[in-house]
Amino acid sequence: MQLQDLLPLIAGVYAFLSPVWTTTTDRATITMVVLGIITALAAIAELVRPDAIPLEGLLVLLGVAFFVSPWVMGFSGTAPMAWTAWIIGAATFLVGAADLQLTRVHHRDTMAAQH
C-alpha cells in the first residue's frame with residue numbers, strides 16, 4: 001500500500017468532516033457529507049481489492065462529482081466549501097485516474113504474458 005492509495009480515503013473523510021470547520025450552507029453540507037461517505041467507502045473497498053478497475057473508475061467519477069458539485073448544487077458562492085470541493089475533487093480524480101491507468105497496464109501485461 002502506498003500513500004496514493006490512502007489519499008482518496010483521507011479526502012473522503014475530510015469532505016465528510018469539512019462542514020464542522022468550514023463556512024457552509026445546507027446544500028453544501030449535504031453534498032460534502034454524502035460524497036465524502038461514498039468516497040471513503042469506495043477507497044476502503046479499493047484498498048481491499050487494489051486491482052478492481054470498477055472501483056478505480058468510481059473514484060474518478062467521484063472526483064468529477066466533487067469538482068462540479070459547487071455549480072450543480074448551487075454553493076459556488078460559498079468560497080470555503082466550494083474550494084474544498086474543488087481541491088478534493090481534483091485530488092480524487094487524479095489519484096483514481098492514475099490508479100486506473102496503472103491497473104489497465106498491469107492487466108494488459110498479465111494477459112499478454114499468459115498468451
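Along the sequence shown, residues are numbered consecutively beginning with 1.
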Locate the shortest heavy-atom distance separating E56 from L100; write the atom from each residue and the value.
OE1-CA, 3.5 Å

Roughly how far, to the nearest 0.5 Å, is the OG1 atom of T39 from the CD1 atom of I10?
13.0 Å

Determine whether L47 and L6 satisfy the following criterion, side-chain contact (heavy atoms from CB on, under 4.5 Å), listing intermediate values before the conclusion.
CA-CA 8 Å; L47 287 170; L6 291 176; 4.0 Å; yes

Identify which one of I88, T92, L62 satisfies the side chain to side chain contact (heavy atoms under 4.5 Å, CB included) criterion when paired with L35.
L62

Quick check: is L55 connected to V48 through a chain of hydrophobic side chains (ILVMFWY, heavy atoms under 4.5 Å apart)?
no

Minimum heavy-atom separation for M32 to T84, with atom names?
CE-CG2, 3.6 Å

CE (M73) and CD1 (I30) are apart, to the nearest 0.5 Å, by 7.5 Å

Distance-minimising heavy-atom pair for W86 and P70:
NE1-CG, 3.4 Å

Minimum heavy-atom separation for A40 to L9, with atom names?
O-CD1, 3.7 Å

Between CG on residue L41 and CZ on residue F16, distance to nearest 0.5 Å:
10.5 Å

F75 and its side chain to side chain contact (heavy atoms under 4.5 Å, CB included) partner, picked from D26, T29, T25:
T25

Restricting to non-hydrogen atoms, name the atom on V33 and the atom on P19 that form the minimum distance, rounded to 0.1 Å.
CG2-CG, 4.3 Å

Around atom CH2 of W71, are there more than 12 heavy atoms from other residues, nucleotides or ligands closer than 6.0 Å?
yes

Can you tell me how far apart CZ (F67) and CD1 (I87) are? Round to the nearest 0.5 Å.
10.0 Å

Are F66 and L58 in one and the same hydrophobic cluster, where Ile, Leu, Val, Met, Phe, Trp and Tyr link if side-chain heavy atoms are under 4.5 Å apart?
yes

Of all heavy-atom pairs linking A42 and L59, the shortest is CB-CD2, 3.9 Å

Do side-chain atoms of S18 reach the backbone of A15 as a donor and acceptor pair under 3.5 angstrom?
yes

Drop me the distance from L61's CG to F93's CZ, to the nearest 0.5 angstrom.
9.0 Å

